[in-house]
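Reviewing the structure listed below.
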Amino acid sequence: SAAAKMCYLRKPKQGWGSEIDFSQTNNQKGQYDMTQKIAKNGFCVAKNCPTKKNGVLDVCHKISEPIPFLYGLVQNIVNEPNPTNIAFSDAFLAPHMDMVYMESPPGLQYLLCRRNDDCVKGGESILIDAFEVAEHLRANHPRDFETLCTVPVRFQKIHWERENPVYFEWEQPHIVLDNKGQISRVNWAPAFEGKSRRSSMTNEYIQAYRRFMKQVDESDTKIVKKLN
């Protein structure tokens, strides 16, 4: 989660707790309000967006020019018969962050729900404040926190069977601190972890990893809702 360091996400009594109607972003005030919600809460749900193909770009342009990534400028996420990525299947997708295998991943990512029929089972969106989870670990299990701040872990995206093959690898700790000791970034994507060096896979790391995973899954900040 990209939530502000000292203003953590709280589960709202109703709605998402950080949302705006797309029509409000047609002027500078609305665009400013949307960026402030992102800065404060780490996300913002824009309602009533255009659902046409590539309509997500209409949302992007309200803030800045989008930058192409390994799937191009826009990637359609649909259930495929022979998926090459878990996101292209109907399997449960555990909480994670995208593109942690990059040295400098994008600061903003836009996701547009074009269609989600009532008859579909599953398909909920899950939001968790990973900064708050990490701070909870620091307060209650400082040794585990230090381990996840110092042990380098390899993340990877290796995909040869595609039009433009990709091979990304990057090593970094799960929790990154700035020069003041504050959390500046959390890297959590179990499905995209590669083969780390043997010296990283200690008993202390395994214990810290499992504890953090459990706290992510049980976080009080978790929001589970279905977009439509």
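It should be emphasised that the depicted structure is a prediction, and the values quoted were computed from it without experimental measurement. Heavy atoms only: backbone and side chains are in, while hydrogens, waters and symmetry mates are out.
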Just wondering, do His136 and Gln215 contact through their side chains at under 4.5 Å, heavy atoms? yes

Are the side chains of Cys44 and Ile20 in contact, using a 4.5 Å heavy-atom criterion? yes

Does Lys52 NZ have over 12 foreign heavy atoms under 6.0 Å away? no

What one should report as the nearest heavy-atom pair of Met97 and Val186 is SD-O, 2.7 Å

Please check if the number of heavy atoms outside Gln172 that lie under 6.0 Å from its CD is greater than 12. yes

Going through the distances and angles, do Ile63 and Tyr110 end up as a side-chain contact (heavy atoms from CB on, under 4.5 Å)? CA-CA 11 Å; Ile63 296 180; Tyr110 300 84; 3.5 Å; yes

Over 60° means perpendicular and under 30° means parallel, so tell me whether His174 and Tyr205 are parallel, tilted or perpendicular. parallel

Does the ring centre of Phe155 sit less than 6.0 Å away from the ring centre of Trp188? no

Val74 side chain reached by Leu57 side chain, heavy atoms, under 4.5 Å: yes

So do the side chains of Met102 and Met99 get within less than 4.5 Å of each other, counting heavy atoms only? yes

Partner of Lys29 under side-chain hydrogen bond (donor to acceptor under 3.5 Å, both in side chains), chosen from Thr25, Asp33, Asn27: Asp33

Closest approach of Lys222 to Asp217 (non-hydrogen atoms, all atoms of both residues): NZ-O, 2.6 Å

Any non-hydrogen side-chain atom of Tyr167 less than 4.5 Å from a side-chain atom of Glu169? yes

Worked verdict on Leu112 versus Cys49 for side-chain contact (heavy atoms from CB on, under 4.5 Å): CA-CA 8 Å; Leu112 174 66; Cys49 294; 3.8 Å; yes

Decide side-chain contact (heavy atoms from CB on, under 4.5 Å) for Leu127 and Lys225; before the verdict, give the C-alpha distance in whole Å, the side-chain angles of both, and the deciding distance to 0.1 Å. CA-CA 9 Å; Leu127 289 173; Lys225 291 186 181 294; over 6 Å; no

